[in-house]
Every structure is written in structure tokens, then in C-alpha cells.
Amino acid sequence: MIRILSRKFGVAKKAVLPDLPYDYSELSPVLTKDLMETHHGKHHKKYVDDFNMFTELHHNAVEKDDHSLALKFVDKIKFTEGGHFNHSFLWESMSPVNKHGGILPDATSKLGKALKSNFGTTEALIERSQDLAKDLQGSGWIWMAWDPKVKSLILTTTKNQDTVSQLGLEPLLNIDVWEHAFYLTYLNRKDKYMQDIWSVVNWKKVEERFSKMA
Ligand code: MN3
């Protein structure tokens with residue numbers, strides 16, 4: 001898509017840092033105002049800025065038929081585009097506690113039934129996510145996703161800024177387990193963060209995403 005736009009208009013379409021669907025302070029005390037400001041305004045912004053820079057460098061190299069040079073930017077584009085997508089998806093996956101954050105889907109709903117048949121209980125799902133976070137070395141993400149091949153929910157991890165769509169899965173919910181996502185509030189207590197984060201999960205959004213799955 002970007003290539004097509006580049007050819008047509010001469011420049012690649014720029015990625016834009018999205019606004020948060022809530023104020024910086026609204027996910028507190030789980031995620032404090034300072035943490036959210038840094039995470040969104042500095043970390044996510046850098047992925048956006050770097051993605052725009054690398055796509056432009058890539059585009060310019062392709063225009064000069066210098067594919068040797070262009071290839072140097074491919075991994076950087078993948079990393080920064082993943083960072084941009086993963087964070088944009090994350091902000092929508094959370095909601096303040098007083099705005100239905102953490103409220104589980106109804107057990108009789110399509111998602112409620114799928115959660116039960118795939119994980120048993122939500123407690124089991126949360127525990128499994130905590131185990132995955134503990135086992136994840138370095139930086140990455142926890143995902144609940146839909147596997148269209150076997151038509152079931154799956155809980156999994158990706159490294160760095162990889163995304164589950166690269167694995168043929170449809171993302172439904174993500175949790176950032178990079179240190180920058182919790183360190184300002186939780187220091188090294190990743191386990192505590194992995195408990196508390198579920199109280200700001202926007203299940204309404206997850207349900208909306210799941211409703212589009214076959
Ligand atoms: Mn992050």
C-alpha cells in the first residue's frame with residue numbers, strides 16, 4: 001500500500017501518533033500519568049517518527065534503484081511499524097476503571113462462551129498470561145488472538161515489536177511487557193503489573209473486535 005501511494009504521490013503516507021481515548025491520568029493508579037505521558041508521548045512517538053524516517057529513506061533508495069541501500073531499512077521499518085501498530089492497538093485495548101475498564105464480558109455472550117471453552121475461567125486466562133510474561137525473556141508482548149485456521153482463541157507472546165498478524169492470527173487484546181510499559185510504576189515487579197493490568201482491560205473493545213471474527 002505504501003509503495004503504491006509512494007509511486008502515485010511521490011512521497012510515502014506518513015504515520016501519525018493517535019490521540020489516547022482517555023486522559024493520561026485516567027488509568028491511574030495502575031498506569032500513572034507520568035508513565036502514560038512517557039509511554040505515549042515519547043516511546044510511541046519515537047516509533048512513529050522513526051517509521052516515517054525509515055520509510056522515506058527506503059523510498060528514496062528505491063527511487064534511485066539502490067536496492068542494496070533500501071534493504072538496510074527493511075528490518076527497521078518492520079520494527080518501527082510493529083511498534084506503531086502494537087501501541088495504537090494497546091491504547092484501544094485499555095479503558096479507565098470508571099469507564100467499564102476490567103469489566104468481563106457476559107458469560108452468555110459470544111466472547112464469554114469462547115473464553116470459557118478455550119481457557120476454562122478468566123482466572124485461568126489471567127494466570128496463563130502471568131506465566132507467559134514470566135517466561136518472556138527481554139522485551140515483548142502478550143496477546144490474546146483468534147486463530148482462524150482452527151477457529152479458537154489463543155494466548156501467546158511475540159518478541160520485540162513483532163505482531164501476531166505476522167503469525168497468521170487476528171489480534172484481539174495485547175499487553176505490553178516491555179520494561180518501559182511498567183517500570184516507572186512497578187520497578188522490577190512485572191508479576192504485580194501483570195495482575196493489575198487486567199483491571200483496565202477494555203473488554204468492550206475486545207468483544208467488538210471478536211464480533212468480526214468468523
Ligand atoms: Mn510500549
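We count ligands from 1, going down the list as the structure has it; atoms in each ligand are counted the same way. Counting begins at 1 with the first residue of the sequence.
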Peer 1: Taking all heavy atoms of Met144 and all of Leu115, pick out the closest pair and write down the distance.
Peer 2: SD-CD2, 3.7 Å
Peer 1: Any N/O/S atom, backbone or side chain, of His44 lying under 2.8 Å from the Mn ion (ligand 1)?
Peer 2: no
Peer 1: So His84 and Asp50, side chain to side chain donor-acceptor pair (under 3.5 Å) or not? Walk me through it.
Peer 2: CA-CA 10 Å; His84 176 41; Asp50 286 355; over 6 Å; no
Peer 1: Please give the atom name: the N, O or S atom of His180 nearest to the Mn ion (ligand 1).
Peer 2: NE2
Peer 1: Any side-chain heavy atom of Phe51 within less than 4.5 Å of one from Ile77?
Peer 2: yes
Peer 1: Less than 4.5 Å apart, side chain to side chain, heavy atoms only: is that true for Leu153 and Phe210?
Peer 2: yes
Peer 1: Where the Mn ion (ligand 1) is the corner point, what angle links OD2 of Asp176 with NE2 of His87, to 10°?
Peer 2: 110°
